[in-house]
Structures are given as C-alpha cells and as structure tokens.
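Following: one structure in structure tokens, then a few remarks.
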Number of protein chains: 2
Amino acid sequence: MRSYHDACGMAHALDLVGERWALLVVRELVLGPKRYTDLRADLPGISTTVLAHRLDELEQTGVVRRRRLAPPAGSTVYELTDWGQELEPVIRQLGRWGARSPTRRRDAHLSAAGLVLSLRTNYQPDGSDGFAATIELRLGEDRFTATVRDGQLAVVRGGADEPDAVIEGAPGVLAGVLCGGRCLREAILANDLSVRGDSSAIRRFLSQFSLSEPVSGPPPPIDSPEKTPPRRLPRE
Amino acid sequence: MRSYHDACGMAHALDLVGERWALLVVRELVLGPKRYTDLRADLPGISTTVLAHRLDELEQTGVVRRRRLAPPAGSTVYELTDWGQELEPVIRQLGRWGARSPTRRRDAHLSAAGLVLSLRTNYQPDGSDGFAATIELRLGEDRFTATVRDGQLAVVRGGADEPDAVIEGAPGVLAGVLCGGRCLREAILANDLSVRGDSSAIRRFLSQFSLSEPVSGPPPPIDSPEKTPPRRLPRE
DNA sequence: CAGCATCCCGATTGATACTG
DNA sequence: CAGTATCAATCGGGATGCTG
C-alpha cells in the first residue's frame with residue numbers, strides 16, 4: 001500500500017482515504033450501510049475494479065466493515081466503523097470549502113448521500129421561534145426523514161410515519177431549490193419536483209438552508225505586476 | 001483535468017485538491033509562501049514532475065498564487081490565495097482524524113509545517129489561570145513564534161524579539177515531546193532537543209497540548225459472526 | 001443478479017537526467 | 001534555482017468473464 005511516509009496526521013489520513021474515489025465511497029456510506037451494487041450505482045464513473053480495491057483497502061485499514069445481513073436478506077453490505085463514521089465532519093468541511101469554488105458545476109449528478117450531507121452542512125435556522133416539522137424526502141429509491149426541532153436538523157435514512165409533508169424529486173433538483181436558489185414553485189410546475197402535505201412547513205423548511213456563495217470568480221488570468229507588493233521573504 | 005463530475009461540494013473539492021500530493025503542498029504553504037526548491041525539500045518523496053504539475057493545477061484553480069519577490073530577492077514563491085488559506089480547517093480536521101489511526105507511524109518524517117499545524121490543532125489550555133508566554137521554536141532552518149495568552153495559542157512564522165524561552169530541535173522530536181508523551185528531560189539529555197530561557201514557562205507550555213489517543217488497535221482480523229446483529233436492510 | 005476477478009489500454013506517477 | 005524531458009512502473013477505467 002502506498003504511503004507518504006509522513007508522521008503528520010493529515011498525511012496519514014491521506015494514506016488511508018486519499019486514493020481516488022475513497023472519500024466518495026465513505027460519503028456514500030455515511031448515511032448507513034450499502035451493498036456493492038448500490039455503491040456502484042451511486043458513484044457514476046467508478047469502475048468495478050476500483051470500487052473493489054477501495055473497499056478492500058478501507059476494510060483493511062479499519063474504516064469500513066463488511067457484514068452479511070441476517071437471513072432472509074443474506075446480502076453483503078459495507079458500513080463505516082465508528083472511526084470511519086468520524087470522517088463525516090471532515091467530509092462536510094471539505095464540502096463546505098469545495099461548494100464555494102467558482103468552477104463547480106452545480107448541474108452535475110448528485111447522489112442522495114451528497115444531497116443529505118449538504119443539507120446537514122448548510123442548515124441554518126433563521127428566526128429561532130419554535131418551528132418544528134417532519135419532512136419526508138423521496139430521492140429516487142431512497143427515502144429520508146428530515147426533522148427540524150429547536151433549531152436543530154436531523155436527517156436519517158428511512159421514511160417517516162406521519163410526516164408533515166413529503167417532497168419527491170431527484171437530489172440535484174432538490175439541491176437546486178434548497179441551496180441553489182431555484183424557485184420551488186417553478187420546479188414543481190416543471191414537474192421536476194412534487195410535494196404533498198403542509199406547504200407552509202415546506203416553505204419554512206426550505207428557507208432554512210443557506211446559499212453558500214462562491215468565492216470571487218475565476219482568478220485573474222494574468223498576474224497584475226505591481227498591485228500586491230511582496231509581503232515578506234520566504235526565509236528569514 | 002480529471003473530474004468526478006459530481007455536484008457534491010466535497011467531490012468538487014477533491015477535483016481541486018484530491019490529486020496525489022496536492023493537500024500536502026497546501027499544508028506546506030499554510031504558514032506562508034515558499035519557493036519551489038523549499039517545497040521539494042519539505043516534501044520528501046515528491047518528484048519534481050509532480051510538484052510542478054500540482055503547482056500548475058493549484059494555480060489554475062485559484063488555490064495557489066505565484067509571485068516573484070521584489071529585488072533584490074528576485075526568487076519566485078508560491079503562496080495560498082485567501083480561498084486556499086481556508087483549507088486550513090479542513091487540513092486540521094483531517095489531521096485530527098488521521099492522527100488517531102492505529103497504523104500511523106509516529107516516527108516518520110515530520111515537516112515544520114506539519115508540526116506547527118498539529119500544535120494549532122492539539123492546543124488545549126488546562127487550568128485557565130492567566131498563563132502567558134512567548135516561545136520561539138527553532139525547527140531546522142525555520143523559526144516560529146508561539147504565543148500563549150488568554151487561553152489562546154498563536155503560532156506564526158518568524159523568530160521572536162524577546163521570547164520567554166527558546167526550544168530547538170527537529171519537528172519530529174518536538175512532536176514526540178508535545179503530542180507523543182516523550183519526556184522532555186530525556187529528550188534534552190539525549191541531545192535531541194535544546195532549550196533556553198524560562199524553564200517553567202516551557203513546562204507549562206508543553207503541558208497544554210493534548211495527546212490524541214489512537215482508536216482501538218487494528219481491526220479484528222476475522223469478522224465475529226453473530227456479535228453485531230444486522231441493524232437494518234440497506235433499502236426499504 | 002450480486003460480487004467480484006481478469007485483461008487491456010491510456011493516464012498518472014516516480015526516478016533520473018538535463019537545461020536556462 | 002526552477003523547472004522540463006525522458007522513461008519505466010503503476011494506477012485507473014472499460015469491457016468482459018466467472019461463480020453462486
């Protein structure tokens with residue numbers, strides 16, 4: 001296994017999860033166990049070879065665990081270990097940084113896990129009056145339950161028993177509305193999204209996610225010669 | 001340029017800084033600008049080809065900026081842009097995670113930047129009485145000034161004017177004492193470290209860094225069959 | 001069909017040498 | 001000092017094959 005041979009914690013973290021696709025595999029598992037085939041489906045572009053390799057390595061290093069489900073399911077799933085689960089803050093902080101990139105394509109594919117993590121990251125209660133709601137999110141095959149209470153957001157996998165509302169649509173569409181500034185009504189009219197239930201709860205829910213503005217556009221193409229004088233020498 | 005074609009912020013972040021060595025280059029620049037040759041020296045194992053590639057890419061994506069120093073220095077340095085500088089929390093969180101790995105080699109090479117970042121990460125004031133001190137760290141060629149005041153730590157590049165104490169030694173040795181539990185006196189006797197100045201300030205300073213304990217040893221080699229019953233099906 | 005293993009090929013990396 | 005050039009080794013991606 002390749003290594004940076006560096007005692008720095010970050011360098012060692014990259015020994016473990018710095019290989020191509022590794023952190024995306026972890027991202028897909030943050031919300032719960034998945035089967036090999038579902039991982040492959042949720043990571044468009046990964047090859048079966050690479051996925052198998054990454055899962056092996058992540059298992060060997062104690063980030064991921066394989067488990068066979070009890071009968072009658074019988075299938076094998078991959079899940080994060082407790083330590084692997086602690087990568088979630090890392091993933092969210094990296095996501096918060098990358099989301100502000102001027103070169104990010106907001107129209108690219110978005111997995112359900114990607115959307116839910118961005119919800120967790122971008123949630124910001126507005127006025128802190130006691131708004132509470134349970135919203136079921138139907139993202140393709142996957143269902144999630146988002147619960148807002150006391151200015152806290154929780155999103156877990158699985159449908160809700162008695163949701164105040166249900167929102168159904170592709171993750172990318174929902175992201176466009178939640179974090180990309182797209183108009184909800186327009187998305188519904190375009191048949192990209194469908195909603196049911198308490199529409200005022202939906203509106204309040206949607207309004208509680210902050211749009212992360214990209215940093216100032218692409219960097220100036222040419223370096224302006226004398227605008228920023230050298231601040232200091234690289235060495236003493 | 002290779003991309004995951006994923007709208008998730010984290011995936012895009014990896015498009016930008018996920019290539020091999022990229023984040024280590026950023027780490028080396030977090031404390032201030034550096035020249036090409038110094039980067040190469042501080043990143044043992046990187047090839048000149050890859051370093052040149054990474055710097056090109058990081059410059060194109062607006063993470064790093066090249067600058068020619070004013071005469072008489074005249075040399076070219078690389079420095080983080082404001083946005084690139086915002087990777088520091090990401091690097092620290094990744095470092096905090098990786099530092100707890102059971103497979104991390106604490107005896108490997110450690111760069112001055114790696115040490116200083118781990119200081120910033122692991123600082124935890126103990127009893128909050130008004131301890132204040134200025135300590136100069138001499139790490140090979142590089143000097144840093146660590147200032148503790150009001151339960152806050154600041155470490156900046158450059159020597160101190162009137163430090164309360166001076167500590168000199170290799171970054172790895174200092175890390176062993178600060179975060180690895182090695183005895184200061186023993187390190188001095190072994191001639192790995194030298195100190196000058198207020199020795200009680202040094203002792204108090206050193207005691208304010210928390211040892212991050214590794215997570216429970218290497219994962220169990222064989223999966224115990226029935227110990228953790230399956231929690232749920234991967235799909236509804 | 002789930003869960004890989006194999007083979008092939010182009011892209012990336014790393015070691016070394018070389019240049020302005 | 002600050003890179004570029006070259007080349008072998010490795011890695012990633014795509015297609016396909018295999019096995020229960």
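Chain letters run A, B, ... following the sequence lines, proteins first, then strands; residues in each count from 1.
- One finds a side-chain N or O of B:Arg54 lying less than 4.0 angstrom from the OP1 or OP2 phosphate oxygen of C:dT13.
- Computed from coordinates, the A:Glu19 CD to D:dG13 P distance equals 11 Å when rounded to whole Å.
- Atom CD1 in A:Ile46 sits about 16 Å away from atom P in D:dC11, given to the nearest Å.
- For B:Arg196 and B:Glu168, the salt-bridge test fails: no basic side-chain N is under 4.0 Å from an acidic carboxylate O.
- Listed nucleotides C:dC7, C:dA17, C:dG14 differ in distance to B:Trp21; the shortest reach to its side chain belongs to C:dG14.
- Between B:Tyr4 and the phosphate of D:dG12, there is no side-chain N or O to OP1/OP2 separation shorter than 4.0 Å.
- Note: CZ (B:Arg68) to P (D:dA2) measures 9 Å, nearest angstrom.
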Check the pair A:Arg92 / B:Met10 against side chain to side chain contact (heavy atoms under 4.5 Å, CB included), numbers first and verdict last. CA-CA 7 Å; A:Arg92 281 161 61 174; B:Met10 186 211 60; over 6 Å; no

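- Figure legend: A:Arg20 and B:Tyr4 shown as a cation-pi pair, the cationic atom lying under 6.0 angstrom from the six-membered ring centre and within 45 degrees of its axis.
- Rounded to whole Å, the distance from OH on B:Tyr78 to C1' on D:dG3 is 8 Å.
- The base of C:dT6 sits with one of its N or O atoms less than 3.5 Å from a complementary donor or acceptor on the side chain of A:Thr49.
- Distance, A:His53 NE2 to D:dG14 P: 16 Å, rounded to whole Å.
- Separating the CG atom of A:Leu51 from the C1' atom of C:dC4 is a distance of 10 Å, rounded to the nearest angstrom.
- Between D:dG3 and B:Arg66, a contact under 4.0 Å exists linking OP1 or OP2 to a side-chain N or O.
- A residue-by-residue look at A:Arg40 and A:Arg2 shows that A:Arg40 has its nearest nucleotide of DNA chain C further toward the 5' end.
- Atom CG of B:Leu178 sits about 9.0 Å away from atom CG of B:Asn122, to the nearest 0.5 Å.
- Residue A:Tyr36 contributes atom OH, which lies 6 Å from atom C1' of C:dC4 at whole-angstrom precision.
- Using a 3.5 Å distance cut-off with no hydrogens or angles, the side chains of B:Thr103 and A:His12 do pair a donor with an acceptor.
- Atoms CZ (B:Arg20) and C1' (C:dA15) sit 14 Å apart, rounded to a whole Å.
- Across C:dC4, D:dC11, C:dG14, the shortest atom-to-atom separation from the side chain of B:Val50 is found for C:dG14.
- One finds no side-chain N or O of B:Arg35 lying less than 4.0 angstrom from the OP1 or OP2 phosphate oxygen of D:dG3.
- Phosphate contact (OP1/OP2 of C:dG3, side-chain N/O of A:Thr37, threshold under 4.0 Å): present.
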